[in-house]
Amino acid sequence: MDRKSAEFRAVFEQVHCSFDRFIRTTEPEHVRVVQRVFARLRDSGDVYRGRYEGWYCLPCETYFLEKDLLEGSCPDCKRPVTRTQTEAYFFRTSAYADRLLRAIEDRPSLIGPESRRNEVVAFIKQGLQDACISRAASEWDIPVPDDPTQTIYVWFDALVNYLTAAGYLQDAEQLAAWWPAGVQVMAKDILVRFHATIWPAMLMALGLPLPERIFAHGYWLTGDGEGERKISKSAGDLVNPLETAEELAQVSGCKTEVAVDAVRYFLLREVTFGLDGVYRTEAVMQRFNDDLANDLGNLLNRTLPLVERFTGGTVPAPGPAAGALADPIATAAERTRAALADLDLSGALTAVWQLIGAGNRFIDERAPWDLHKAGKTVELEATLYDMLDALRVVGLLVSPFMPVVAREIWAQLGLGDPAVQASWGDCTAGRLAAGGRIVRGQPIFPRIDLRRAGARAQSRRAGQAPQPQERPRVPEPEAPRTEVTTDEFARLDLRVAEVVAAARVEGKDRLLQLTLSLGEETRTVAAGIAQQFPPETLVGKRVVLVANLKPAKIGGVPSHGMILAAGESQPLAIVTLDRDCPLGSKVR
RNA sequence: GGCGGCGUAGCUCAGCUGGGUAGAGCGCGCGGUUCAUACCCGCGUAGUCGGGGGUUCAAGUCCCUCCGCCGCUACCA
């Protein structure tokens, strides 16, 4: 389980998902909260001890209802079942049916999408039974307080997890900040009975407010063959989005991180959030070219050269003629905001793309090259400013969907990290500071040659060995840039660290595994310096760590950063400090 | 079985509680442009809105029915 948890965290990072709190049901604090919740509900009478009777399959350890039996046998293993009854605790769901219906009626937006809300209402109206929330003691479930014969069903404690994470029964201030949740999102198959029925009933029983919104998302179907079907592991058509991203990166030549963002874009743009969608790699590629390369990427890459040419790369002052894009910007921001509030993620992106379209049209209409020829400097500079300013807002609006791309756009505009100052107020025309320097880089989304990509996919599908195909031409870097801006440099997080332990890595004679202390934090870093620097000579040394380097596994060692050393292909000297300073100090 | 949803241009889909010549993106056709990643801009193309019947001055939009597809129908986070 620990390994699974680590895997989940790693995937979150790889797909650029951040979180405020990652919680596991095994946390000791959670166990305490669950038991207190259970005890409280038992005291109030919402939980009572009763008897459960049903058809039991011994090998499967599962109860079945009469109607679910297959010719009187277990529907799973086909073996005979026996009429059995056990003692168990029940939650009085039945007492809350009216209140649940009223809550849904009072606030139609409580449960979404709408079709799901209908299902929930139908489910409640057919009559609620009390929910069995415990079973004969098992070692991995949480024990019922004061009753060693029973443990609490996982789904009950899983729901309570939301409260534990919000600080319930631990920190009133934290709870007030996080609860009620603005929105709870889950898969559609666990919406109806758990998240839209028992869960709100539990909250009512505890006297807690309900979430603002409970929303079920759909599934992705594969559409590779004839028709669509649910992606299933057993059918072997499991899609790994990271593999699509890798393929995208290869076939386009973009960075893997950008490709990951592109897949995120596809997933959020392609379907109405909440409904099922069809996932096809070709469709991802298509959107990559149409939306990202042609529309967004191209807008950036036709703006920057113009600025370089006509102002020498400096953001011009807007002047009185600027502001021509103020309306499209305001409209896009407002539509995006409204769509997000409504969980219409696709609609939000559509709104941003309307602004991108307006930007592309604007360049054609204004024709800055003509303004330049005509010597209309004021208009020219206003036009360039408006273009850059619009891109600035596009970066901001796009940042929740594609954080890496947004940062890249802003970097090329000579700005920092959009996430740092993201606020709706910044999505207004005219907030771009004049005088900054743009930093033109490589195209973020190199266009994919779809014919070539298609052939590649076909050979893959035919099961042939991947052809040793020449990498599609990546645009040659122009003259290597010798200058960087302070903003670019500031993206590196350099820190003072002390080597607290160093060890050789078995089977890797060049590799050392270093344990570094940053004061508060301890890190593991792999370094290819074993041949020049025996581990024992390093312990106690103060070194400089690149702390925000993307984590990687090097020779089997998970490495979170790198230390600085002099030398071209071989390390000649380690960078150390000439006097003492606190561990973790920033280096700049 | 019961309840609910879907079926709209070649493709993927918007079209709220009834009303202005049925929309978007992609594709396709024509034209323009050359700042840009053979890109962008403009114009155009097409749909008996699943079939049939009904209500109404007026219906993808309401009612009935038929066909096809899908979901929910409790103790499996």
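Proteins get letters first, then strands, A, B, ... in listed order; numbering begins at 1 in each. Just the heavy atoms: all of them, side chains too, but no hydrogens, waters or symmetry mates, feed the values below.
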*asked:* Return whichever of A/Arg309 or A/Thr93 has its heavy-atom-nearest nucleotide of RNA chain B closer to the 5' end.
replied: A/Arg309
_I want to know whether A/Tyr265 and A/Phe288 have ring centres closer than 6.0 Å._
no
*asked:* Looking only at the side chain of A/Asp295 (C-beta and beyond, no hydrogens), which of the listed nucleotides B/A14, B/C40, B/C72 gets closest?
replied: B/C40
*Determine the Euclidean distance between corresponding P atoms of B/C13 and B/C57; express it in Å to zero decimal places.*
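It comes out at 38 Å once rounded to the nearest Å.
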*Applying a 3.5 Å limit to both distances, which nucleotide forms a Watson-Crick or G-U wobble pair with B/G42?*
B/C30
*Please determine, for B/U21, whether a Watson-Crick or G-U wobble partner exists with both distances under 3.5 Å, and give it or none.*
none
*Given B/A14, B/U37, B/G4, the nucleotide with the shortest approach to the side chain of A/Asn118*: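 The nucleotide sitting nearest to the side chain is B/G4.
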*Verify whether one side chain among A/Asn360 and A/Arg302 offers a donor that lies under 3.5 Å from an acceptor in the other.*
yes
*Check each residue of residues 363-373 of chain A for a non-hydrogen atom within less than 4.0 Å of any atom in RNA chain B, then write out the ones that pass by number, or none.*
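Heavy-atom cutoff 4.0 Å gives A/Ile363, A/Asp364, A/Trp369.
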*Taking the C1' atom of each, how far is B/G25 from B/U8, in whole Å?*
15 Å
*asked:* Taking only side-chain N and O atoms of A/Asn161, does any of them lie within less than 4.0 angstrom of OP1 or OP2 on B/A77?
replied: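 So the side-chain polar atoms of A/Asn161 never come under 4.0 Å of the phosphate oxygens OP1 or OP2 of B/A77.
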*asked:* Going by salt bridge (Lys or Arg N to Asp or Glu O under 4.0 Å), name the residues that satisfy it together with A/Arg9, two or more places apart in sequence or in a different chain.
replied: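 Partners of A/Arg9 by the salt bridge (Lys or Arg N to Asp or Glu O under 4.0 Å) criterion come out as none, since no residue qualifies.
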_Closest listed nucleotide, where the reference is the side chain of A/Gln126 and the choices are B/U73, B/C75, B/A14_ = B/U73
*Does A/Asp342 have any salt bridge (Lys or Arg N to Asp or Glu O under 4.0 Å) partners at least two apart in sequence or in another chain, and if so, which?*
none
*Between B/G1 and B/C66 - P atom distance, rounded Å*: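 Straight-line distance between the two P atoms is 11 Å.
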*asked:* Working note: A/Arg213 + A/Ser109, criterion side-chain hydrogen bond (donor to acceptor under 3.5 Å, both in side chains); need CA distance, chi angles, decisive distance, verdict.
replied: CA-CA 6 Å; A/Arg213 199 152 162 67; A/Ser109 62; 4.7 Å; no
_Please give the distance between the P atoms of B/G19 and B/G60 as a whole number of Å._
11 Å
*Could you check how far CG of A/Asp290 sits from P of B/C28, rounded to whole Å?*
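Atom-to-atom, A/Asp290 to B/C28, this comes out as 10 Å.
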_Of the listed nucleotides B/A77, B/C39, B/A74, the one nearest the side chain of A/Leu128_ = B/A74
_Rounded distance (Å) that lies between atom C1' of B/C6 and atom CD of A/Glu119_ = 13 Å
*When the P atoms of B/A14 and B/G50 are considered, how many whole Å apart are they?*
13 Å
*Separation of the P atoms in B/C64 and B/G20, to the nearest angstrom*: 24 Å
_Nearest-nucleotide pick for A/Pro305, side chain only, options being B/C39, B/C35, B/C72_ = B/C35
*Considering only NZ, NE, NH1 and NH2 on the basic side and carboxylate oxygens on the acidic side, decide whether A/Arg392 and A/Asp389 come within less than 4.0 Å.*
yes
*asked:* So A/Gln286, base contact, sugar-phosphate only, or nothing? Heavy-atom distance under 4.0 Å.
replied: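 Result for A/Gln286 = sugar-phosphate.
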*Partner of B/U61 by Watson-Crick or G-U wobble geometry, both contacts under 3.5 Å, or none?*
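Base partner found: none.
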_Pairing partner (Watson-Crick or G-U wobble, both distances under 3.5 angstrom) of B/U56_ = none
*Just checking A/Asn301: base, sugar-phosphate only, or nothing, at a heavy-atom cut-off of under 4.0 Å?*
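Base, at least one base heavy atom under 4.0 Å.
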_Between B/U12 (P) and A/Leu268 (CG): distance, integer Å_ =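 To the nearest whole Å, that distance equals 21 Å.
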*What nucleic acid atoms does A/Asp130 come within less than 4.0 Å of, heavy atoms only: base, sugar-phosphate, or nothing?*
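Base contact.
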*Please determine, for the side chain of A/Asn298, which listed nucleotide (B/C75, B/U73, B/U37) has the closest atom?*
B/U37
*Checking all strands, does A/Gly127 fall into the base, sugar-phosphate, or nothing category for heavy-atom contacts under 4.0 angstrom?*
base
*asked:* For A/Phe215 together with A/His195, are the ring centres under 6.0 Å from each other?
replied: no
*In the strands shown, is B/C49 matched to any nucleotide by a Watson-Crick or G-U wobble pair with both distances under 3.5 Å, and which?*
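Checking every strand shown, B/C49 finds no partner, since no pair has both distances under 3.5 Å.
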_Among A/Tyr162, A/Phe194, A/Phe91, exactly one meets ring-ring contact (aromatic ring centres under 6.0 Å, His included) together with A/Trp199. Which residue is that?_
A/Tyr162
*Output field: ring centroids A/Phe90/A/Tyr48 closer than 6.0 Å*: yes
_Spacing between A/Leu391 atom CG and B/C35 atom C1', to the nearest angstrom_ = 14 Å
*Do A/Glu27 and A/Arg21 meet the salt-bridge criterion of a basic N to acidic O distance under 4.0 Å?*
yes
*Kindly point out which of B/C3, B/U37, B/C41 is positioned nearest to the side chain of A/Asn360?*
B/C41
*asked:* Rounding to an integer number of Å, can you tell me how far A/Ile152 CD1 sits from B/C76 C1'?
replied: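 Rounding to the nearest Å, CD1 of A/Ile152 and C1' of B/C76 are 18 Å apart.
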*Distance between the C1' atoms of B/C63 and B/U56, in whole angstroms?*
12 Å
*What integer number of Å spans the P atoms of B/C16 and B/A22?*
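These two P atoms come out 15 Å apart once rounded.
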*Which part of the nucleic acid, if any, lies within contact of A/Leu296, taking any heavy atom under 4.0 Å across all strands shown: a base, the sugar-phosphate backbone alone, or nothing?*
nothing
*Tell me yes or no: between the side chains of A/Ser252 and A/Arg447, is some donor less than 3.5 Å from an acceptor?*
no
*Rounded to the nearest Å, what distance is computed from the CZ atom of residue A/Arg335 to the P atom of nucleotide B/A14?*
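Going from CZ in A/Arg335 over to P in B/A14 covers 18 Å.
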*Atom-to-atom span, CZ of A/Arg280 to P of B/C13 - whole angstrom*: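 Rounded to whole Å, this separation is 10 Å.
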*asked:* My understanding is that a pair needs two contacts under 3.5 Å, Watson-Crick or G-U wobble. By that rule, which nucleotide pairs with B/G4?
replied: B/C70
*For B/G27, does the O4'-C1'-N9-C4 (purine) or O4'-C1'-N1-C2 (pyrimidine) torsion place it in syn, i.e. within 90° of 0, or in anti?*
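Anti, since the glycosidic angle lies more than 90° from 0.
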*Which one, B/C41, B/A14, B/U37, comes nearest to the side chain of A/Phe445?*
B/U37
*For the side chain of A/Arg302, starting at C-beta, report the closest nucleotide among B/A36, B/G4, B/G42.*
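Among B/A36, B/G4, B/G42, the one nearest the side chain of A/Arg302 is B/A36.
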_Nearest to the side chain of A/Phe194, heavy atoms from C-beta on, is which of B/C35, B/A77, B/U37?_
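Ranking B/C35, B/A77, B/U37 by closest atom to the A/Phe194 side chain puts B/A77 first.
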*asked:* Tell me the interatomic distance from A/Asn289, atom CG, to B/G25, atom P, rounded to whole angstroms.
replied: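 Taking CG of A/Asn289 and P of B/G25, I get 18 Å after rounding.
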